[in-house]
Amino acid sequence: MALTRSLNRGITPSLLQRGLDLLLQPQSQSLRRLSSSARNDGSDLQKPCEFLGSWTPPSDPRVAQANLERLRRAYGKQVRQLRKEYAHEVEMLRVEKQMKDDARREAVRIASEERKKAKAAAAQTRAAEREAFLEEFRQTLMKERAEKLEYWRKKEKLNQEKKAEKRELLRKQSSVWVSDHNLESRILEAIVVTTPL
């Protein structure tokens, strides 16, 4: 609005040019910032904006206003298009980062599963070794117990045999002995019949 008033008053084209430059300057700086950030991330540079330096002041202020409106609309379309492309690039970068994160998470999960499997296999191997050791220990204990039992049985049998021999010897010796109620008759017999016992 202020621009149309100044155009109607007949301000010289150099002032109009300066006003247009000031109007377009923040947008061109944002474009420069956008292009420099695009340069930093390695994306392709776009051609310079065709609106910069394209203003030629016409003699009629109405034509100038129409041209300015046309330039603003075209510039607005181009900025919208750039914003869409930027949003698309940002979305693509986000998707790519998400995919990398998912791949990294998947790799970590697979590595964790492999570690768990290796740990479980090692634990199973240790358990099998421990079971084999315990079985061998049990067999050794059973063998020692069997040997001790066999030794004890032999000793018991030997003791029983010795006792039986003693009993047999005692029985043989006692068969020669005389009981109390036969003692007198045996004494008389021995006196009468003089034979050695």
Side-chain angles (χ1 to χ4, degrees), residues 29-48 78-197:
Q29 285 177 351
S30 65
L31 281 176
R32 274 191 231 121
R33 268 187 254 122
L34 181 63
S35 65
S36 67
S37 66
R39 221 176 292 124
N40 290 340
D41 67 1
S43 56
D44 295 333
L45 295 177
Q46 296 195 1
K47 61 182 181 175
Q78 191 175 16
V79 167
R80 282 193 296 276
Q81 183 64 29
L82 281 173
R83 283 182 181 159
K84 282 181 187 174
E85 290 173 8
Y86 177 74
H88 180 69
E89 283 184 27
V90 166
E91 181 64 23
M92 293 302 289
L93 288 173
R94 189 190 65 76
V95 168
E96 184 179 348
K97 184 178 181 294
Q98 181 70 31
M99 287 172 57
K100 284 180 183 177
D101 288 348
D102 290 346
R104 183 183 53 78
R105 262 188 243 111
E106 184 66 20
V108 166
R109 186 186 63 78
I110 290 171
S112 175
E113 284 181 1
E114 288 176 0
R115 275 196 309 271
K116 284 179 184 176
K117 284 179 185 176
K119 207 182 246 186
Q124 196 172 8
T125 305
R126 284 195 304 269
E129 289 173 358
R130 188 169 50 245
E131 188 64 35
F133 173 75
L134 288 174
E135 186 61 32
E136 184 180 348
F137 184 67
R138 274 191 224 107
Q139 292 296 329
T140 306
L141 280 179
M142 294 295 284
K143 186 177 177 183
E144 286 179 2
R145 286 178 184 168
E147 288 174 358
K148 284 181 180 178
L149 185 63
E150 187 64 30
Y151 176 74
W152 180 80
R153 283 182 181 162
K154 283 182 182 177
K155 199 170 180 182
E156 282 293 314
K157 189 176 180 184
L158 190 62
N159 285 343
Q160 291 294 332
E161 286 175 0
K162 282 183 181 178
K163 283 181 183 178
E165 284 177 9
K166 279 184 182 178
R167 267 192 250 117
E168 185 62 28
L169 183 64
L170 189 61
R171 190 182 62 76
K172 285 181 182 177
Q173 287 176 355
S174 67
S175 66
V176 181
W177 295 349
V178 180
S179 61
D180 288 338
H181 63 340
N182 288 337
L183 186 61
E184 286 184 25
S185 64
R186 289 289 290 221
I187 291 174
L188 279 176
E189 189 179 324
I191 294 174
V192 174
V193 181
T194 56
T195 52
L197 293 173

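Residues take their numbers from the sequence shown, with the count starting at 1.
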So, the side chain of T140 versus the backbone of E136: is there a donor-acceptor pair under 3.5 Å, distance only?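 Judged by distance alone, yes, a pair lies under 3.5 Å.
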[X]: side chain to side chain contact (heavy atoms under 4.5 Å, CB included) partners, not counting sequence neighbours:
| X | result |
| --- | --- |
| E96 | L93, K100 |
| E91 | R94, V95 |
| E106 | R109, I110 |
| T125 | E129 |

For R138, enumerate each residue passing the side chain to side chain donor-acceptor pair (under 3.5 Å) test, keeping only those at least two apart in sequence or located in another chain.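 Testing R138 for side chain to side chain donor-acceptor pair (under 3.5 Å), a comparison that skips the adjacent residues, returns E135.
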To the nearest 0.5 angstrom, please state how far the [atom1] atom of [X] sits from the [atom2] atom of [Y].
| X | Y | atom1 | atom2 | result |
| --- | --- | --- | --- | --- |
| D101 | K97 | CG | NZ | 4.5 Å |
| R83 | R80 | CZ | CZ | 9.0 Å |
| E85 | M92 | CD | CE | 13.5 Å |

Between side-chain atoms of residues 151-165 and protein atoms elsewhere (two or more places apart, or another chain), which donor-acceptor pairs fall under 3.5 Å?
none

Counting neighbours of CD on E113 that are heavy atoms of other residues, nucleotides or ligands and sit closer than 6.0 Å, is the number greater than 12?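 Result for CD/E113: enclosed.
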Given the rule in the side chain to side chain contact (heavy atoms under 4.5 Å, CB included) test, do R105 and V108 qualify, once you have shown the distances and angles that lead to the verdict? CA-CA 5 Å; R105 262 188 243 111; V108 166; 5.6 Å; no
